[in-house]
Undergrad: 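Sending over a structure as structure tokens; questions will come in a sec.
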Amino acid sequence: MAQGDRGLILGIETSCDETAAAVVRRGREILSNVIASQIAVHFPYGGVVPELASREHLRNILPVVRAALAEAGVGYEDIDAVAVTEGPGLAGALLVGISFAKSLALSLGKPLIAVNHLEGHIHAVLLPPQGIGTLEEASRGTTLALVVSGGHTHLYLAEFRKDAEKDGAQSGAWTYRNVGRTVDDAAGEAFDKVAKLLGLGYPGGPWIDALAPHGNPEAAPFTFAQIKAKVHRKGEPGALDPREAIYFSFSGIKTAMLRYIQMHEMRAQIEARRRALVELTEPKPADAVALCDKRTLDLIASFQRSVVDDLRRKTFRAAERFGAERVMVSGGVAANRELRARFTAEARERHLPIAFPSMALSTDNAAMIAAAAWPKLVAGEFAAEGLTAEPSLRLGR
Ligand code: KG4
Ligand code: ZN
């Protein structure tokens with residue numbers, strides 16, 4: 001990047017069911033952050049339909065990019081680089097963003113930067129209004145980052161390795177070491193599947209988040225006992241050392257919920273609730289409160305408490321085990337209010353700094369992609385010509 005450039009990055013994100021574009025200056029200042037949600041398209045199916053997601057991205061990408069530039073008050077020619085999500089995510093969905101970003105960068109003669117979606121989530125914690133103050137602060141010592149979303153429940157040790165100052169910007173690179181993961185479902189997936197089981201809306205997280213305060217979280221506690229046996233059986237494919245790694249498992253709780261529903265003969269009520277919600281033009285969690293009896297609300301509260309506490313216990317165990325100096329939590333499930341409250345309380349007890357992205361930046365967005373691309377722009381780390389979608393892309397070693 002030459003002297004005098006403004007460090008404006010246009011970020012593009014299409015890994016799942018949000019078409020997003022944003023303009024971010026020097027990795028910190030969000031000039032625009034536009035998201036076209038596909039919730040209405042996938043709602044009737046209770047989950048993302050990959051082919052529909054790709055078509056919606058194709059329909060939305062150009063208007064969303066135009067809106068991001070207009071909102072930022074800049075033109076194509078003002079952009080210093082285009083950044084795009086390379087993976088992980090749905091192949092067809094990723095390809096829309098990547099093809100668009102490649103063509104745009106080529107026609108503008110600007111560099112193209114490939115960003116790992118998980119790295120994007122981690123960088124959302126560095127962005128205002130809520131994130132960690134400065135790169136200087138965030139890059140001191142080791143950070144334990146929990147990325148907890150619909151596709152991932154991963155723990156990383158993140159460090160910023162500085163090298164020279166370039167054009168007034170600190171050059172260096174973030175490095176990540178994966179120290180924990182789920183052995184089956186992601187936490188967000190559990191929220192989504194359980195909400196579906198209970199006849200609630202999609203995506204399930206915000207519904208469960210809104211309904212849980214109406215129930216008793218201690219009414220039906222669930223346990224997470226089966227994890228060790230599973231890891232042992234499956235082996236560890238990545239660089240994770242099974243002797244020190246932290247494992248999550250969320251498929252068992254879904255089965256336990258199913259059994260609970262069967263045992264307490266809740267099916268008729270669930271079906272009635274599902275039908276009542278589908279008939280509403282824009283169903284919202286508040287509409288579901290009156291459609292849930294006490295047993296259902298208790299079940300929802302207990303489910304959320306169990307998941308949040310499992311995430312909390314293991315994240316702080318990891319922070320202790322790996323000597324982390326701060327904790328960052330990001331990804332869609334980081335928007336959960338009980339999670340934020342219980343993590344914050346534990347961090348305070350341990351005198352450990354903790355940070356979350358703002359609510360809006362917890363779920364998928366393109367500002368986080370543009371933010372994660374900034375150190376790469378400074379370091380001149382650009383995408384190869386053959387850049388393509390990497391649906392199972394891993395982060396770090
Ligand atoms: O990060 P994200 O937008 O997309 C992925 O990368 O997966 O995360 C979406 C996930 C969904 O599973 C959704 O149910 C969950 O985040 N989620 C929540 C909340 N808001 C979104 N889970 C719990 N509580 C919430 N408030
Ligand atoms: Zn995500």
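Computation of the quantities below employed the complete heavy-atom set of this structure, encompassing side-chain atoms and omitting hydrogens, waters and symmetry-equivalent molecules. Indexing begins at 1, ligand by ligand and atom by atom, following the structure's order. Note that this is a predicted model, so its numbers are computed, not measured.
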Undergrad: Would you say ligand 1 has an N or O under 3.5 Å from any N or O of His117?
TA: yes

Undergrad: Between Asp298 and Arg295 (salt bridge meaning N to carboxylate O under 4.0 Å), is one present in this structure?
TA: no

Undergrad: For atom 17 (N) of ligand 1, what's the nearest protein heavy atom and its distance?
TA: Gly332 O, 3.5 Å

Undergrad: Would you check if the Zn ion (ligand 2) lies under 2.8 Å from any N, O or S atom of Cys16?
TA: no

Undergrad: Under 4.0 Å from any heavy atom of Gly151, which atoms of ligand 1 are there?
TA: 7 (O)

Undergrad: Tell me yes or no: between the side chains of His57 and Thr14, is some donor less than 3.5 Å from an acceptor?
TA: no

Undergrad: Between Ile30 and Leu361, is a side-chain contact (heavy atoms from CB on, under 4.5 Å) present by the stated rule, with each step listed?
TA: CA-CA 11 Å; Ile30 302 178; Leu361 294 177; 3.8 Å; yes

Undergrad: Determine whether any heavy atom of His121 lies closer than 4.0 Å to an atom of ligand 1.
TA: yes

Undergrad: Considering only non-hydrogen protein atoms, determine which one is nearest to atom 3 (O) of ligand 1 and report residue, atom name and distance to 0.1 Å.
TA: Asp364 N, 2.9 Å

Undergrad: Please check whether Gly205 reaches ligand 1 - meaning an N/O of the residue sits under 3.5 Å from an N/O of the ligand, judged on distance alone.
TA: yes

Undergrad: Considering only the protein, which heavy-atom contact is closest to atom 26 (N) of ligand 1, and what is its distance?
TA: Asp209 OD2, 2.8 Å

Undergrad: Could you pull out the atom name of the N/O/S atom in His117 that is nearest the Zn ion (ligand 2)?
TA: NE2

Undergrad: Test side-chain contact (heavy atoms from CB on, under 4.5 Å) on Arg259 and Met263 and set out the steps.
TA: CA-CA 6 Å; Arg259 243 184 268 122; Met263 201 164 29; 5.7 Å; no

Undergrad: Indicate whether the side chain of Ser54 and that of Arg59 have a donor and an acceptor atom separated by less than 3.5 Å.
TA: no

Undergrad: With only distance considered, is Phe191 within less than 3.5 Å of ligand 1 through an N or O on each side?
TA: no

Undergrad: Could you check whether the rings of His121 and His117 sit parallel, tilted or perpendicular, using 30° and 60° as the cut-offs?
TA: perpendicular

Undergrad: Near Gly150, which atoms of ligand 1 are under 4.0 Å from a heavy atom of that residue?
TA: 5 (C), 7 (O), 8 (O), 9 (C), 10 (C), 12 (O)

Undergrad: Would you check if there is a donor-acceptor pair between the side chains of Glu325 and Thr142 at a distance under 3.5 Å?
TA: no

Undergrad: To which protein heavy atom is atom 24 (N) of ligand 1 closest, and what is the distance rounded to 0.1 Å?
TA: Asn336 ND2, 3.0 Å

Undergrad: Looking only at side-chain N and O atoms, does Glu338 offer a donor or acceptor that is under 3.5 Å from a partner on Gln304?
TA: yes

Undergrad: Going by heavy atoms, is Cys16 under 4.0 Å from ligand 1?
TA: no

Undergrad: Give me the residue, atom name and distance of the protein heavy atom closest to atom 11 (C) of ligand 1.
TA: Asp192 OD2, 3.5 Å

Undergrad: Check each atom of ligand 1 against the heavy atoms of Gly188 and keep those under 4.0 Å away; list them by number with element.
TA: 12 (O)

Undergrad: For the Zn ion (ligand 2), give me the closest N/O/S atom belonging to Asp364, just the atom name.
TA: OD1

Undergrad: Is there a side chain to side chain donor-acceptor pair (under 3.5 Å) between Ser302 and Glu218? Walk through the geometry before answering.
TA: CA-CA 6 Å; Ser302 303; Glu218 273 142 32; over 6 Å; no

Undergrad: Does a side chain donor of either Thr175 or Glu159 reach within less than 3.5 Å of an acceptor in the other side chain?
TA: no

